[in-house]
Protein chains: 2
Amino acid sequence: MKKNAKAEKILDVALLLLKNEGDYGVTMRKVAALADMSLSNVQYYYKTKDALLKSMADRYFQSCLEQIKKIDTIQSDDCWKLEIEKLLRGFLVHGLEVTDMCRLFREYWAISTRNQAIDEHIKQYYREMVVILSDKLRPVAQSEQGLAKAVSVIIPFSEGYSITALAMPEDINSITSILQSLVVNLLQEQ
Amino acid sequence: MKKNAKAEKILDVALLLLKNEGDYGVTMRKVAALADMSLSNVQYYYKTKDALLKSMADRYFQSCLEQIKKIDTIQSDDCWKLEIEKLLRGFLVHGLEVTDMCRLFREYWAISTRNQAIDEHIKQYYREMVVILSDKLRPVAQSEQGLAKAVSVIIPFSEGYSITALAMPEDINSITSILQSLVVNLLQEQ
DNA sequence: TCACAACTAGGTCACTCGACCTAGTTTTGT
DNA sequence: ACAAAACTAGGTCGAGTGACCTAGTTGTGA
């Protein structure tokens with residue numbers, strides 16, 4: 001049994017609560033009950049609720065970035081445009097069903113409007129996402145300028161699509177195709 | 001003094017609280033205090049908290065749609081592409097600063113993941129937004145197909161941009177320009 | 001004028017919350 | 001072996017919460 005196993009389990013359970021019941025739904029007592037330990041025990045690992053919320057955000061945004069890093073870099077071979085489409089589809093698929101990731105981000109977007117620290121976390125997350133995604137696309141980009149434009153289109157669109165997708169008249173295939181040709185054009189910009 | 005003046009004031013105050021403190025921040029007592037009336041008085045107009053939250057959502061999404069309806073229809077004159085740009089800028093400007101509208105939508109996006117009724121409200125809102133925006137753009141659309149694609153791009157992008165704008169490398173002018181030429185192309189699709 | 005509905009105010013109830021306190025038990029380092 | 005640190009458990013406290021109750025006051029229509 002790892003030393004930090006309980007502290008990790010508390011974070012797991014707390015994120016589960018955040019996902020299902022929102023930030024005010026995360027109470028020390030509920031966390032304790034779901035983690036199958038006493039209230040005082042939770043409070044031993046996280047002295048205050050703020051400390052718990054901070055640790056949750058630290059770990060969650062970190063894990064999300066690591067997930068993005070796992071995406072394959074687009075290689076400059078003869079089917080790179082197809083690879084772009086696959087990459088875009090991977091982002092847009094969050095619009096079809098509300099995934100755990102979607103739920104947590106929606107909570108954090110809301111919290112960020114009333115919590116300076118979370119707001120900074122999210123901004124930093126998207127800044128790092130820009131860097132990571134740029135690295136993935138750089139091999140097929142004709143200019144840094146075009147690359148910057150491409151990521152500045154992909155990221156906002158995929159976030160917005162995760163919210164609005166089910167209400168749009170065009171389906172994901174059509175949208176992916178439109179976005180793909182736009183991104184390809186931007187990447188080919190001199 | 002209108003008959004419903006108090007009921008309306010309660011909704012005003014409650015939306016203010018929702019914006020600033022989230023859904024759990026809306027308590028009957030806080031609403032009463034801010035509306036300068038007694039707790040029982042608030043509870044007279046809205047028997048339960050659920051009833052209050054429902055009325056808030058009903059009125060808010062309604063008012064948002066009416067705001068969108070006020071946007072000028074794009075006329076098919078010789079400067080329609082410039083009008084498109086102006087329209088897009090109006091949407092994207094929500095990315096530069098977190099407006100009241102942004103804050104409330106972020107709250108509702110989060111609430112919708114755990115509240116069926118709000119989820120339906122939001123879906124319906126975006127569906128109506130599709131219709132309204134389509135009407136604005138139809139005069140310059142070469143086909144219904146292209147029109148559907150255009151709105152299916154504009155709406156998700158503007159929502160996502162309101163969240164991510166400040167972390168993107170490209171500024172609003174560059175983004176607006178990219179989106180404008182994309183939308184113009186889609187509208188000219190046969 | 002009078003009855004009835006609309007409205008207002010103050011209070012109580014059981015419940016939940018984060019923070020704190022105290023007293024044990026286990027583990028660790030020397 | 002033993003002291004200190006790490007950990008666990010149970011209890012209490014004041015502050016809020018939504019729902020509910022009762023008793024007044026004002027307004028309106030017949």
Side-chain angles (χ1 to χ4, degrees), chain A residues 1-60 107-108 110-112 114-118, chain B residues 1-60 107-108 110-112 114-118:
Chain A
M1 181 111 161
K2 270 183 268 176
K3 191 188 171 188
N4 298 342
K6 283 207 172 187
E8 291 296 315
K9 178 161 192 182
I10 289 171
L11 293 183
D12 291 340
V13 163
L15 279 166
L16 192 73
L17 276 170
L18 178 62
K19 183 189 74 182
N20 292 329
E21 306 186 28
D23 57 335
Y24 284 84
V26 181
T27 74
M28 304 295 264
R29 281 173 174 84
K30 281 189 202 165
V31 169
L34 256 71
D36 199 34
M37 57 182 86
S38 70
L39 170 61
S40 334
N41 211 346
V42 174
Q43 288 172 321
Y44 172 77
Y45 291 99
Y46 302 97
K47 300 305 171 195
T48 67
K49 190 179 175 177
D50 267 0
L52 173 60
L53 293 173
K54 182 177 175 344
S55 292
M56 288 165 63
D58 286 347
R59 203 188 64 167
Y60 183 66
E107 296 299 339
Y108 276 123
I111 298 170
S112 73
R114 41 194 149 87
N115 182 316
Q116 178 67 39
I118 297 296
Chain B
M1 179 112 161
K2 268 183 267 177
K3 191 188 173 189
N4 297 343
K6 283 206 174 187
E8 291 296 316
K9 177 161 192 181
I10 288 171
L11 292 183
D12 290 340
V13 163
L15 279 165
L16 193 72
L17 277 169
L18 178 61
K19 184 190 73 184
N20 292 329
E21 306 185 28
D23 56 337
Y24 285 85
V26 181
T27 73
M28 303 295 263
R29 281 174 175 82
K30 281 188 201 164
V31 169
L34 256 70
D36 199 37
M37 57 182 87
S38 71
L39 170 61
S40 336
N41 211 346
V42 174
Q43 289 172 323
Y44 172 77
Y45 290 99
Y46 301 96
K47 300 306 174 195
T48 67
K49 190 179 173 177
D50 266 1
L52 173 60
L53 292 174
K54 182 175 175 349
S55 291
M56 287 164 64
D58 286 346
R59 203 190 63 167
Y60 184 65
E107 296 299 338
Y108 276 123
I111 297 170
S112 73
R114 40 194 150 88
N115 184 316
Q116 178 68 39
I118 298 296

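Quantities reported herein were computed from a predicted structural model and do not represent experimental measurements. Residue numbers start from 1 in every chain, and the chains themselves are labelled A, B, ... in the order their sequence lines are given, proteins ahead of strands.
Shortest non-hydrogen contact noted between Ala57(A) and Ile118(A) is CB-CD1, 3.7 Å. Residues Met28(B) and Val42(B) come closest through the heavy atom pair CE-CG1, 4.2 Å.
Side-chain nitrogen and oxygen atoms of Lys6(A) include none within less than 4.0 Å of the OP1 or OP2 phosphate oxygen of dA6(D). Between Tyr44(A) and the phosphate of dT8(D), there is no side-chain N or O to OP1/OP2 separation shorter than 4.0 Å. Dashed line: the shortest gap from a side-chain N or O of Tyr46(B) to OP1 or OP2 of dG18(D) is not under 4.0 Å. Of the side-chain N and O atoms in Tyr45(A), one or more sit less than 4.0 angstrom from OP1 or OP2 of dT8(D).
Atom CD in Gln43(B) sits about 15 Å away from atom P in dG11(C), given to the nearest Å. If you measure from atom OH of Tyr24(A) to atom P of dT17(D), you get 10 Å, rounded to the nearest angstrom. At whole-Å resolution of the value, CD in Glu21(B) and P in dG16(D) are 12 Å apart. Here the C1' atom of nucleotide dC7(C) and the CD1 atom of Ile10(B) are 12 Å apart, to the nearest Å. When rounded to the nearest whole Å, the span between NZ of Lys47(B) and P of dT8(C) equals 11 Å.
Each end of the helix from dT1(C)-dA30(D) to dT30(C)-dA1(D) gets its own axis, taken as the rotation carrying the C1' atoms of four end pairs onto the next four within a five-pair window, and the two axes meet at 10° to the nearest 10 degrees.
For Lys47(A) and Tyr44(A), the positive end sits near the middle of the six-membered ring, less than 6.0 Å away and at most 45° from its axis.
With contacts defined as side-chain heavy-atom distances shorter than 4.5 Å, the pair Leu17(B)/Met56(B) does not qualify. Side-chain contact check for Glu107(A) versus Val26(A): every heavy-atom pair is 4.5 Å or farther apart. Using a 4.5 Å heavy-atom threshold, the side chains of Leu18(A) and Ile111(A) count as touching.
With sequence neighbours excluded, no residue forms a salt bridge (charged side-chain N to carboxylate O under 4.0 Å, His left out) with Lys9(B).
Within a heavy-atom distance below 4.0 Å of DNA chain D, the residues of residues 32-42 of chain A found are Ser38(A), Ser40(A), Asn41(A). Residues of residues 49-60 of chain A having a heavy atom closer than 4.0 Å to DNA chain D: none are found.
Here the OH-CG distance, from Tyr60(A) to Leu11(A), works out to 13.5 Å after rounding to the nearest 0.5 Å. One finds the NZ atom of Lys30(B) at 10.0 Å from the CG atom of Asn20(B) (value rounded to the nearest 0.5 Å).
Salt bridge annotation for Asp58(B)-Lys54(B): present, with a cationic side-chain nitrogen under 4.0 angstrom from a carboxylate oxygen. With respect to the salt-bridge test (charged N to carboxylate O, under 4.0 angstrom), the residues Asp12(A) and Arg59(A) qualify.
Here Val26(A) lies in heavy-atom contact (under 4.0 Å) with sugar-phosphate atoms only.
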With 3.5 Å as the limit, what N/O pairs link the protein to nucleotides 26-29 of chain C?
none

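A donor-acceptor distance shorter than 3.5 angstrom exists from the side chain of Tyr46(B) to the backbone of Ala7(B), with no hydrogens or angles considered.
Listed by first and then second residue, the side chain to side chain donor-acceptor pair (under 3.5 Å) pairs involving residues 33-42 of chain B amount to none (not counting sequence neighbours).
Judged by distance alone, with hydrogens and angles left aside, Arg29(B) brings no side-chain donor or acceptor close enough to the base of dG16(D) to form a pair under 3.5 Å.
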* Asked: Can you list the steps and then say if Val31(A) with Leu39(A) is a side chain to side chain contact (heavy atoms under 4.5 Å, CB included)?
  -> CA-CA 8 Å; Val31(A) 169; Leu39(A) 170 61; over 6 Å; no
